[in-house]
Structure formats: C-alpha cells, structure tokens
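The analysis underlying the following values was restricted to heavy atoms, covering all of them including side chains, and did not include hydrogens, waters or symmetry mates.
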Amino acid sequence: MHQLISALVFCTALAQAQPQQLPPVQPADTLWKLATAARPDEQVAMVQVVYALWQANPQAFRANNINALQRGAVLKVPQRAQMLATPVSQARQWYYQAIADKPLGVVTPAQYINVAMAPVAENRRDAISTATTTDTELPTSAAQLSGAAILQRREIAATQPGPSPDVTPNSWQQNLSSDYSLTLQQRYYPQQGEQGQAKAHSSVAVSAEWVWQSDNRAHQIALEPFLRLDQRDSKRNLADLRQAYWQYAGTGYDIKAGVDIVFWGVTESQHLVDVINQTDLVASVDGETKLGQPMLNWNLYGDAGTFSLYLLPYFRERTLPGPDGRLRPPLPIDSDNPFYESAQAEQNLDFALRWSRQFGALDLGLSYFEGNNRDPQLQLTSTGNLQPVYLQMQQLGLDSQWLSGSWAWKLESIYRKTRQQDFIASTAGFEYTQVGVFGSSWDLGWIAEYQYDSRDRQAPVPGQNDVFIGGRIVANDEAGSEILLGIMQDLQNSNSRSGKLEASMRLSNSLRLRLDAWFFQSQLTSDPLYFMRRDDYLQLSLDFYF
C-alpha cells in the first residue's frame, strides 16, 4: 500500500510538472479569456497568469504584442510556481503598459548572452530583478523584459552559447518575425477652428514591422516603415522609418546602427527627460508619439548599472500642423523653412549619455544631452508667418521610480541651458492602485503629479505650476478594457485647465478600439492653452493587426 501511495504521489507530481496546453486560439479569443481558463486557483492573480502566458509563448504573439495574438496558436500553460514568481504589483504595471500599447522594453541579444555567463536564477522573480535594462526604460523591472527575452534567458542560461551556425534560407525565415497593422481614425471637433478649419478630420495609417535575429542571437535587424494620410491637413501626412537598424551583441555590451525609437521617462502627465527622438506632434497632442531617429548607440552592461552612449548624426524636425490643421497658433507656421542656431543645421552631430541602475525597488536614471533642441521656438517673420527656431541646448536629466506595495512614486527633473536662458523643470507624483474595488474584478489607480518650471509665466508650454489629477480603471476583462481620465489645473490661473480621456478595448485578438478626448480651457491670452480653446476634440481609432 505504501508503495502504491508513493507511486500515485510521484505520478501526480510528474503530471503537474508537465506543461499543459490550451485549445488553439480562435478569432474571438483574447489573452484574458485564455488566461481565465489557465488560472490554477484564486491565489494566483489574473495579471500573473496573463504575464506568465505571455512569457512562455513568444511564438503566439506578433512582435511580442499582447494585442496581436495569432489565430491558431497553441499556448503552453506555465506551472503555478512560474505564475507566482512575478510579484503582483510588477505584473500589474506591465499589464497596464501592454494593453495601452505603450513601448515594452526588449532585452537585447547582449543580455541573452550575458545571462549565460551567470548562475541560473532560482526563480523567475530573481531573473527579473537581476536583469539589466535596455535603452527603453519602463516603470517596472518586469516591464523591461519581453516574453521572448525572458524565455530565451532561461534557455540560454542552461548552456554556454556555441559558435554561430551557418545561416540557411530556411533559418532566415524561421528567425524572422513580422507584424502588420492598419489604423482608421476619425477626429471630431465640436467647434470650427479659430481660422475656420473643419470640424471633422479623417486619417488612415499603416505600419509593418520585421525583426530578424541570428541563431546565436548576436545579430538583430529590425525594420518598421510607417505611413499616414490625412483628409484635411497635408502637414499631417507622413512617411517615416520608425525602426531600421542593425544591432550586434557581445559579452556585456551591444552596439546599434540605424534608426530607432528610444523612450526615457516614468511620469504620466509629461516626459521631461525624453529627449532622443523628435515628437510627432500632429499625431497626438500629448507628445507621446515619436519619429524615428538615426543613431549610433553603444550600451555597456554590468553590476554598476547600464551605461549608454548615443551619437545622433541627423536631426528630425517636429511635425507641426498646416493651415488646414487644428491645434495650431492663429498665424500659419512656415515649417518648410526652419532656422537653426548651429551652422550644420540638421546635420549637427548631437550626442547623449545615460546611466541607469536598479537599487532594490528603486529605478534610477541620469542622462546628459547636447545638440539641437527638440522643442522649437516660434518667431514672427516679416511675412507674418511663424518660423520654427531650433537652438542648441545642453540638458541634464534625472528620472526615478520607487515601488512600494500598491504605491509607485515617480520623479522626472531636468536642467536645460540655451544661449537665451537656463531653467529647471520637474514633475513629481505618485500612482496608487486599489485592487478589486467594490468587490469587483476592477482595479482603480489614482494618479497625482505636480509640474514645475522655473520660467514661470515665460514658459512657452503648460506645466509651469500645474497639478495633474487622474484615475486609471482597468476592468480585467476579456477585452482588456482600460480607461484613463485626467485633469491638469494651473495653480496660478483658475481659468486655465485641460483634460484628457483615453479608453481602449479589444474586440478580438486582431481588432482594438480606442477612444481619446481632450478639452482645453483658458481666458488668458498669454497662456499656451489659449490658442487651443476652440480645439476640444473626440477621436475614435480602430486598429487592425494582421
């Protein structure tokens, strides 16, 4: 009898250790729906299940995008211990970033190889906490790793990397991942523009992404073309390469040459330290959409943190609205004839340095930039137009985030110097998350941030003495529904404020619906918001992944 019981226990343990599978993904399936079926018990949070499924099944997602779950994919279900290895707070922060389709950091090939030189981590949480970061900084260390990256880290940690095998045509295809998307967008303004611009604006955008890695993961090639066509504003038309680079990884370092998008920052209301890429302002008024930047990048990884050097040989001008566009000053902008302080103009060699490191629950980053100012000044010309002026600047930046339970404390601060003025600007605040409010499956996050600018009323942008209050609701449903609502109030002018609404949900594993809305209110002519007081808008976007 004792032997029989032992055999049953052994067989049970063996069955639990064997990976289970979910049925093939159907068109109506979402990752949350599949995670519900994979959840072992209520002691495992749903976000932990979603994150673990994403980690363990990189082949099921186009370009590691959880919004692009591939039809017919068969997901392996990780063990319960693997799900619990990632703390709930980290998994939740990653999930909020992922469903909002914000940049998720991808571990570079160097980090795959570096991990092979170290002992295997005891569990997935150790693997995450000891990982170095890439040039894409996100609020949590868990968010800095893609699912494919974490899986490959575990696999490569078991063996030393061997010599690079010969690359055959078949291996090229096997090592190539692709992602395609189409976005239909309709923007509606309740009022005509100050200069008589139309109320309704339609646009369409298409993008493709191809990423190839060599068998030994030392080489990576990425290409992401992007095209946007607008019904009204010709200045909103754009053909861009968001990514077009080659990357090589050595032991403890990697180098990258080409075009890429690099994101720095942790706060919600604005990103002061984010200085590498130019802003695609006509795409989004919050400045979060960026243009591809030509660069030569070198990253050094070690126990002391991550050190990055960027050489930026070509400058991208900011996209600005044309005469028929909205959200523009009263006078037309002559964006075809910008003025540069540098004699080399857009050929000026800009450069940036950055050091970042994790100290337990604290993420810290220090940066320095010198080159063309990404924020143009608008000066009046003799023809009555506004001319963009790009001065030279030097900028020191600091960003940090400290996670403590349900709290995330955030700070971004810069010191910027130009020939006209020096100033300091900071954004500081917190996000507090309530899990399962009112006994439901919903999570509610409270956001509060204070914005300071030493230029005070002379600042050409909002945020010189403002407070941002917002709330984020995540429904934790099959559609990945999320709502973010925020209001920015000027503390020196009670009549100056702005507000935004961001909402999104997946209709299927290849369709996502987004709703964005902004309002602007000001009665002070010197206020940067004054010229946008008639430009409140509602925007509906449909993203199709194929």
Side-chain angles (χ1 to χ4, degrees), residues 85-87 89-91 93-94 97 102-119 121-146 149-150 153 157 247 249-256 260 262-267 271-276 295 297-310 351-370 395-405 407-415 426-431:
T86 303
S89 60
Q90 292 186 353
Q93 288 278 350
W94 166 86
Q97 293 282 337
K102 294 191 177 179
L104 295 176
V106 177
V107 172
T108 64
Q111 292 167 274
Y112 296 148
I113 296 175
N114 294 343
V115 134
M117 306 301 181
E122 293 183 359
N123 56 43
R124 194 63 58 88
R125 182 178 181 180
D126 292 336
I128 292 173
S129 63
T130 58
T132 53
T133 62
T134 66
D135 52 16
T136 303
E137 301 297 331
L138 288 176
T140 68
S141 56
Q144 290 164 348
L145 306 180
S146 73
I150 295 176
R153 287 169 61 91
Q247 185 177 49
T251 301
Y253 75 95
D254 67 62
I255 57 174
K256 179 191 299 179
D260 198 9
V262 175
F263 174 78
W264 297 344
V266 294
T267 56
H271 304 297
L272 294 172
V273 300
D274 192 26
V275 72
I276 295 292
M295 66 178 65
N297 169 223
W298 175 66
N299 298 305
L300 177 65
Y301 308 100
D303 293 337
T306 300
F307 177 79
S308 302
L309 169 65
Y310 299 87
F351 75 92
L353 303 171
R354 178 175 172 81
W355 170 83
S356 60
R357 188 184 176 189
Q358 292 180 346
F359 298 89
L362 175 66
D363 293 328
L364 183 65
L366 298 173
S367 58
Y368 176 77
F369 173 87
E370 183 171 328
Q395 175 176 300
L396 290 171
L398 165 68
D399 61 272
S400 65
Q401 179 171 251
W402 179 53
L403 295 177
S404 178
W407 294 86
W409 298 89
K410 307 177 183 183
L411 170 68
E412 291 188 33
S413 184
I414 62 169
Y415 166 73
S426 299
T427 301
F430 67 84
E431 181 169 355

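- With values rounded to the nearest 0.5 angstrom, Leu309 atom CG is found 9.0 Å from Asn299 atom CG.
- Using cut-offs of 30° and 60° on the angle between ring planes, the pair Phe263 and His271 is perpendicular.
- The CG atom of Asp363 sits 11.5 Å away from the NZ atom of Lys410 when rounded to the nearest 0.5 Å.
- Here OH of Tyr310 is found 4.5 Å from CG of Asn297. Values are rounded to the nearest 0.5 Å.
- Taking the side chain as every heavy atom from C-beta outward, Ser400 and Val266 never approach each other to under 4.5 Å.
- To the nearest 0.5 Å, atoms CZ (Phe307) and OG (Ser356) are separated by 11.0 Å.
- Heavy-atom minimum distance, Asp254 versus Tyr301: OD2-OH, 2.5 Å.
- Judged by distance alone, with hydrogens and angles left aside, the side-chain atoms of Glu412 form a donor-acceptor pair with the main-chain N or O of Leu272 at under 3.5 Å.
- To the nearest 0.5 angstrom, Asp274 atom CG is 10.0 Å from Thr267 atom OG1.
- Once rounded to the nearest 0.5 Å, the distance linking CG of Leu353 with CG of Leu396 reads 10.5 Å.
- In this structure, Trp355 places its CH2 atom where more than 12 heavy-atom neighbours from other residues, nucleotides or ligands lie under 6.0 Å away.
- In terms of heavy-atom proximity, Ala408 sits nearest to Leu403 at CB-CD2, 3.6 Å.
- Side-chain contact between Leu398 and Val273 is absent, with no heavy atoms from C-beta onward closer than 4.5 Å.
- Looking at heavy atoms from C-beta onward, Gln247 lies out of side-chain contact with Asp260 at the 4.5 angstrom threshold.
- A side-chain contact (heavy atoms from CB on, under 4.5 Å) with Trp402 is found for one member of Trp407, Trp409, Phe430 and no other, namely Trp409.
- Across Ala428 and Leu411, no two heavy atoms sit closer than the pair CB-CD1, 3.8 Å.
- Between Leu364 and Arg357 the shortest side-chain heavy-atom distance does not fall below 4.5 Å.
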